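Report on one structure; see the data block that follows.
The shown structure was predicted, so the numbers you read here are calculated from the model rather than taken from an experiment. Worth knowing before you read on, the calculation uses all heavy atoms, side chains too, and leaves out hydrogens, waters and symmetry mates. Residues take their numbers from the sequence shown, with the count starting at 1.
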Amino acid sequence: MQIDQSLQDELRGVARACADAARVETLRYFRGAGLLADDKDPGAGFDPVTQGDRAGEAAMRAVLAELRPGDGILGEEQAAIPSQTGLTWVLDPIDGTRGYLAGTPTWGTLIAVHAGGAPVYGIVDQPYIGERFEGGFGAAQWSRAGAARDLRTRQTVTLDQAILFTTFPEVGTADERRGFEAVAAQVLLTRYGMDCYAYALVAAGHADLVIEAGLQPYDIQGPMAVVEGAGGVVTAWDGGPAEGGGRVIAAANPVIHAAALALLAAAS
């Protein structure tokens, strides 16, 4: 699908309006005494959803209903809406709901615009910190409180100088865990628990790798657009497309991506 400059500008504006709307609703409940969580999958590990998740997605859907009513929507908390335009908005109102419940500030709102292939534009928004990371159409940007700068990934080329993130120490299945551990054993530093903020740190040039498994499309498409817009690489563990979720690796550059991918393939 061809997206000209005028449409690019429109999509950026709509994505920002969605992020603004979600900020209001997610912050309404964050660190509040009345914050409640339901378990979406009882008996299979705690998979929480809160009032903030539901209200944040409803707010974004209201923006899209007004500004882009023909576009599709794929969200975590409500039913999918098919696209009439070739564009689909992929929404995760709170990526990191466990962190949100625990009061940590590195959860975020994820927004992506999908045009039939990979996502073409995405946002990782950090409502409590006030940081917004955007990427797509060949560029990426950080903004906060009126300040802004371009984002570029760093050019680390050896694993022994790389910083690696994943959300949970228990990465997926036993085989997936072995793959992650093979990479972790070679890097300079491994950190855990940052959810979507880890991808933002790769885009901002502070880290080199994020390796995860068991992702959904709404978990990765926003971060994917931001990392790629900043010059990084995001694929599945087999090197294929990552927008469908599953096993995902985000890397600061093609060299460090290839080094990590080889270890994942050999160990998992």
Side-chain angles (χ1 to χ4, degrees), residues 1-22 53 56-96 108-125 132-141 151 195-196 199-200 202-203 210 212-251:
M1 178 178 179
Q2 288 292 108
I3 300 179
D4 62 20
Q5 187 64 53
S6 176
L7 182 54
Q8 290 180 24
D9 293 342
E10 180 183 353
L11 295 175
R12 287 189 188 96
V14 174
R16 291 166 184 165
C18 286
D20 290 343
D53 294 90
E57 184 163 320
M60 290 191 284
R61 285 175 179 259
V63 170
L64 294 172
E66 178 183 354
L67 300 181
R68 298 284 307 177
D71 293 348
I73 301 177
L74 174 63
E76 182 173 12
E77 307 305 339
Q78 297 184 34
I81 296 174
S83 177
Q84 302 171 25
T85 64
L87 296 174
T88 296
W89 294 82
V90 184
L91 310 175
D92 189 349
I94 299 176
D95 181 79
T109 296
L110 306 182
I111 300 164
V113 189
H114 195 280
V120 296
Y121 201 77
I123 288 180
V124 176
D125 193 57
R132 183 168 294 172
F133 303 82
E134 305 178 48
F137 308 124
Q141 182 186 66
L151 294 175
D195 296 296
C196 59
Y199 296 91
V202 171
V210 184
E212 300 196 278
L215 299 187
Q216 298 296 325
Y218 45 73
D219 295 320
I220 190 57
Q221 291 199 22
M224 179 178 180
V226 175
V227 171
E228 291 182 340
V233 181
V234 183
T235 70
W237 288 18
D238 63 2
E243 62 267 16
R247 299 174 172 184
V248 171
I249 175 172

Quick one: pull up CD in Q216 and CD in Q221 and give me the separation to the nearest 0.5 Å.
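The CD atom of Q221 is 11.0 Å from CD of Q216, to the nearest 0.5 Å.
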
Distance check, rounded to the nearest 0.5 Å: E10 atom CD versus D4 atom CG?
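If I round to the nearest 0.5 Å, the distance is 9.5 Å.
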
Counting C-beta onward and ignoring hydrogens, is there a side-chain heavy-atom pair between [X] and [Y] closer than 4.5 Å?
| X | Y | result |
| --- | --- | --- |
| I123 | R132 | yes |
| I111 | D125 | no |
| R61 | W89 | no |
| E212 | W237 | no |
| L151 | F133 | yes |
| P119 | V113 | no |

R16 with E134: basic N within carboxylate O range, under 4.0 Å
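Salt bridge between R16 and E134, a charged N being under 4.0 Å from a carboxylate O: yes.
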
Nearest heavy-atom neighbours spanning T88 and L74
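Taking T88 first and L74 second, the nearest heavy atoms are CG2-N, 3.9 Å.
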
Taking all heavy atoms of A21 and all of A59, pick out the closest pair and write down the distance.
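For A21 and A59, the tightest heavy-atom pair comes out as O-CB, 3.8 Å.
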
Would you find a donor on one side and an acceptor on the other, under 3.5 Å apart, between the side chain of Q84 and the backbone of G72?
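Here the side-chain-to-backbone pair does not exist.
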
So, the side chain of T109 versus the backbone of I94: is there a donor-acceptor pair under 3.5 Å, distance only?
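Between the backbone of I94 and the side chain of T109 there is no qualifying donor-acceptor contact (under 3.5 Å).
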
Checking side-chain contact (heavy atoms from CB on, under 4.5 Å) against V210, which of I220, V202, V248, V234 comes through?
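One option only clears the test, and that one is V202.
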
Just by distance, no angles: are the side chains of D71 and T85 close enough, under 3.5 Å, to form a donor-acceptor pair?
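Yes.
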
